[in-house]
Protein chains: 2
Amino acid sequence: MRATVKDVAKLAGVSPKTVSNVINGVVFVRPETRERVEQALVELDYVPNMSARGLRNGRSGMIGLALPDLLRPYSAEVTHLVVELAHRRGWGVQIEETAAEPKREFELLSKARAHLVDGLILNPVNLDDSAVMTAGPLPAVVLIGDVDQDMVSQVAIDNVAAARDMTRHLLDQGFRRIAAVGTPEIPSGSSGTGRIGGSTDAPGTAAARLRTQGYREILAEAGIGPDRELEIGLDRWSPEGAAAVVGRYIDSHELPDAFFCFTDTIAVGALSALWTAGVAVPGDCAVAGFDNIGESRYTVPPLTTVDFDRRLFVESALDLLAERMSDKDATPRRVMIPHRIITRASTAR
Amino acid sequence: MRATVKDVAKLAGVSPKTVSNVINGVVFVRPETRERVEQALVELDYVPNMSARGLRNGRSGMIGLALPDLLRPYSAEVTHLVVELAHRRGWGVQIEETAAEPKREFELLSKARAHLVDGLILNPVNLDDSAVMTAGPLPAVVLIGDVDQDMVSQVAIDNVAAARDMTRHLLDQGFRRIAAVGTPEIPSGSSGTGRIGGSTDAPGTAAARLRTQGYREILAEAGIGPDRELEIGLDRWSPEGAAAVVGRYIDSHELPDAFFCFTDTIAVGALSALWTAGVAVPGDCAVAGFDNIGESRYTVPPLTTVDFDRRLFVESALDLLAERMSDKDATPRRVMIPHRIITRASTAR
DNA sequence: TTGAAAGCGCTACCAC
DNA sequence: GTGGTAGCGCTTTCAA
């Protein structure tokens, strides 16, 4: 059986309290006592029982991270950073995926209230049916990504501005017929899902709406009325979906000057579809992405995209979370992370 | 304050034990009693305290997942599957990244012994300095990937055979000068890391060794003596590293007929470097990968690669883990997952 | 500075 | 079928 504080105390000839003091190092312990205790700790190979500590302290030392789709490279980057930066604060990370079933988000909040995690970083699939909008006391939660609310703290980028910037870049390059890939899917009879009205459950719906807005605004300002024929909806932001949809699109429409894809992952699918169709990028048609995932430098051709400091993004989320965890009643804050356009070969003229 | 079983019991007019029985639904409870208790549970919005339950039961309901590099798409796929399939068994998943510092692996084992996780799925960076080789009682651990040991259960693919198969495929396509990208780096003065002798800490070192072995075997069998000039080492299996190394390689060597990249991620970097250098794939030179990550269908051109059933892989790991968790003394088992070559345009003739 | 004892919330054991 | 009680391992009062 594993050693407990009691065993250690007995071996060291002190009380459990003293052992606890040594372990947590908060109050002063006489050096010789400390020495004896530490020897006993090593000798018995003592490992604290986190369940007991958690029960006593009301904190588990873990945070939850919930992302819609763990397969996206973007998710991998966020996860990587959260794990690294949380580790520095002494936090473990429990990970969840929410896109599969909306129920998951509720389960997660439950877990938080069950003291399994002390806080939660949540990238909601869709705020409208997000669990955070439920009445009832929330645990410490920070939203990341693209939502519009003021109930909980949030870190995000300015999606509208970023989409404006990218669209402007494409116009500046001389492109006129600019398609957008990843615009919100309007549930219709043809989708076959049977949903009527209401919001779609496409991942990143809020982002889709905001990026579409920025895209349209710039086209309007340039006097190029937005053309709904150029807005290509996508029910899931994956290369599979994008390749299929873009492939069908170019089969049945005149080739646009450029495709503004709402994520790099979409752009990967678009590049693939264009290559398959024998369309040269950037010769015949330009492609731009969004997020600047690591792979976007290594696509063929390299991808023009929207970049933001992901480390700052995650660090800010953890800062906000720490704030909430130490003071449940702190006013929710919103942190905006700056973005910029990275120009690569895919939109060269 | 949050409601406890005691509060619920009082409200329902029963004892805490009965509440517990209702919650865990193991023994039979009279329907009307059950009804009263359930009403009280809802009314008080009861959420069980997992720390207390964990302390009492000695199990946390969580498993740990430790991967060397969370940024790799391969890691994202494994994580996605582990989260999904563990969820079905009622397990949460705590995630860790081990490549950054070897110390992490020990911390993880510690966490396991601290009852923070009930079991561990571990993809060791390098078995030689892996924590599992340490003396001392191990928690329930299953290794995934490419190691050679029999201390703990393991799920893997036959790397040697897979590399043989891929190399044979390339030979069958008529390629003769076949380069391998990702062979083990021999620490040398030029690496600048200051390491001398011993094993490298490159991720996937064991895989690198085994795949190199299969590659050499087939070349030898074909009477094409392996040529060390064609074995391209890599200190990290990333697109960045691969693009840089392959770029330098083709600048200073005659172009091989084909590049056998030891992961798809490496192949992505290689494709990028070749594109940058104006080398047509598959026209001037073929490229093959390994792992069949989702993106490999959407590279330009699509990638020939080694595929294996990742879901089966992860499910097997969880099966083995469940086995170990229920019986610490079960004999360690090894499960091999079959593989196959997926032929795509990148190695067309 | 250290010891004794209580209690965090839950469930297993033993009565009834 | 249900209730009382003890105890998981830890930390935190309060005393010494």
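For the numbers below, each heavy atom of this structure counts, side chains included, while hydrogens, waters and symmetry mates do not. Chain identifiers are assigned alphabetically (A, B, ...) following the order of the sequence lines, protein sequences preceding nucleic acid strands; residue numbering begins at 1 within each chain.
Note: CZ (A:Arg30) to C1' (C:dG3) measures 13 Å, nearest angstrom. In this structure, the CG atom of A:Asn24 is 13 Å from the C1' atom of D:dG9, given to the nearest Å. In this entry the distance linking CG of B:Leu44 with C1' of C:dC10 reads 16 Å, nearest Å. Atom CZ in B:Arg59 sits roughly 14 Å away from atom C1' in C:dC10 (whole-Å rounding). If you measure from atom CZ of B:Phe28 to atom C1' of D:dT2, you get 13 Å, rounded to the nearest angstrom. Per the geometry, CG belonging to B:Leu55 stands 12 Å off C1' belonging to C:dG7, to the nearest Å. Atom P of nucleotide D:dC8 and atom NZ of A:Lys6 are separated by 6 Å, given to the nearest angstrom. Protein atom CE of B:Met50 is 17 Å distant from nucleotide atom C1' of D:dC8, rounded to whole Å.
Among the nucleotides C:dG9, D:dC10, D:dT11, the one closest to any side-chain atom of A:Asn49 is D:dC10.
Inter-residue side-chain proximity for B:Met62 and B:Trp91 is flagged as unmet; no heavy-atom pair is nearer than 4.5 Å. Side-chain contact between B:Leu116 and B:Ser60: absent, with no pair of heavy atoms (C-beta onward) separated by less than 4.5 Å.
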What's the verdict on side chain to side chain contact (heavy atoms under 4.5 Å, CB included) for B:Val37 and B:Val14, showing C-alpha distance, side-chain angles and the deciding distance? CA-CA 8 Å; B:Val37 170; B:Val14 297; 3.9 Å; yes
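Under the side chain to side chain donor-acceptor pair (under 3.5 Å) criterion, B:Arg59 pairs with no residue at all, not counting sequence neighbours. Residues forming a ring pair (Phe, Tyr, Trp, His ring centres under 6.0 Å) with A:Tyr46 (at least two apart in sequence, or on another chain): none. Under the side chain to side chain donor-acceptor pair (under 3.5 Å) criterion, A:Arg34 pairs with no residue, sequence neighbours left out. Here A:Asp327 pairs with A:Asp329, A:Ala330 under the side-chain contact (heavy atoms from CB on, under 4.5 Å) rule; sequence neighbours left out.
Between B:Glu107 and A:His87, the side chains place a donor N or O and an acceptor N or O closer than 3.5 Å (distance only, hydrogens not considered).
Contact annotation: B:Thr33 reaches the phosphate of D:dT2 (side-chain N/O to OP1 or OP2, under 4.0 Å). Between A:Thr4 and D:dG9, a side-chain N or O to OP1/OP2 separation shorter than 4.0 Å is absent. The side chain of B:Arg53 places an N or O atom within less than 4.0 Å of a non-bridging phosphate oxygen (OP1 or OP2) of C:dT11.
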Table of protein N/O atoms under 3.5 Å from nucleotides 5-7 of chain D N/O atoms:
unit_1, atom_1, unit_2, atom_2, d
D:dG7, N2, B:Arg56, NH1, 2.9

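Summary of the strand contacts: A:Asn57 and B:Ala52 both lie near DNA chain D, and taking for each the nucleotide with the nearest heavy atom, the more 5' one is attributed to B:Ala52. Sequence order on DNA chain D of the closest nucleotides to B:Thr18 and A:Val47 puts B:Thr18 first from the 5' end.
Side-chain atoms of B:Ser153 never come within 3.5 Å of backbone atoms of B:Leu320 as a donor-acceptor pair (strictly under, hydrogens ignored).
Annotation: the terminal axes of the helix from C:dT1-D:dA16 to C:dC16-D:dG1 meet at 30°, where each axis is the rotation carrying the C1' atoms of four end pairs onto the next four (5 pairs per end, rounded to 10°).
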